Amino acid sequence: MEYTLTIIKPHAVRDNKAIAMLSMIAEAGFRIAAMKMIRLSSFRAGEFYAEHAGKPFCEQLVKMMSSGPIIVAILSKDHAVRDLRSLVGNTDPEKADPGTMRKIFGNSIRENAIHASDGVEKALKECSFFFSEMERFSF
Ligand code: CDP
Ligand code: MG
């Protein structure tokens with residue numbers, strides 16, 4: 001069993017897409033090991049995306065991610081990291097394959113609806129960025 005982190009981004013929560021998105025995730029065989037709705041400060045959003053600090057899109061990314069509530073969850077499954085990345089699709093919804101979540105729910109490369117950890121090590125870090133031991137379960 002492997003764990004990965006997902007975030008339903010503010011615009012998708014605002015547009016009431018969260019239930020449809022979580023259904024698609026469950027249909028694909030993931031279990032929810034932790035979940036909550038929170039709002040990131042721009043400071044915390046900047047910390048989460050520290051790897052992108054200084055890139056041209058970073059400021060707008062941080063602004064978007066702190067613009068409203070997000071739904072953040074730890075998902076479990078065999079090969080959860082790899083399989084969620086492929087369910088989510090290309091960063092740019094225009095380039096994403098048909099049937100992927102970013103193709104279905106994304107508006108643009110910035111407002112691409114959902115985050116998925118992009119490696120096993122990164123997933124561990126991202127899960128503990130958001131959740132304490134008390135808030136997560138071994139489903
Ligand atoms: O999310 P993913 O790992 O696919 O892409 P990333 O390269 O790690 O970028 C993180 C996030 O920054 C993306 O999901 C987009 O929301 C945003 N981004 C952007 O606004 N403009 C870009 N040119 C690239 C990424
Ligand atoms: Mg990434």
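All values reported here derive from a predicted model rather than from experimental measurement. Whatever order the structure lists ligands and atoms in, that order sets their numbers, starting from 1.
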Legend entry - Aromatic plane relationship, Tyr49 with His115 - under 30° parallel, 30 to 60° tilted, over 60° perpendicular: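 Ring orientation, 0 to 90° scale: perpendicular.
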Inset, instruction - Drop me the distance from Ser23's OG to Lys17's NZ, to the nearest 0.5 angstrom. - result: 13.5 Å
Inset, instruction - Check each protein residue for a heavy atom under 4.0 Å from ligand 1 and list those that pass, ordered by chain and number. - result: Lys9, Tyr49, His52, Phe57, Leu61, Arg85, Thr91, Arg102, Ile109, Arg110, Asn112
Evaluate whether atom [atom1] of [X] has more than 12 neighbouring non-hydrogen atoms of other residues, nucleotides or ligands under 6.0 angstrom away.
{"X": "Glu59", "atom1": "CD", "answer": "no"}
{"X": "Asn16", "atom1": "CG", "answer": "no"}
{"X": "Met37", "atom1": "CE", "answer": "no"}

Legend entry - Any residue meeting side-chain hydrogen bond (donor to acceptor under 3.5 Å, both in side chains) with Lys125, in chain and number order, not counting sequence neighbours: none
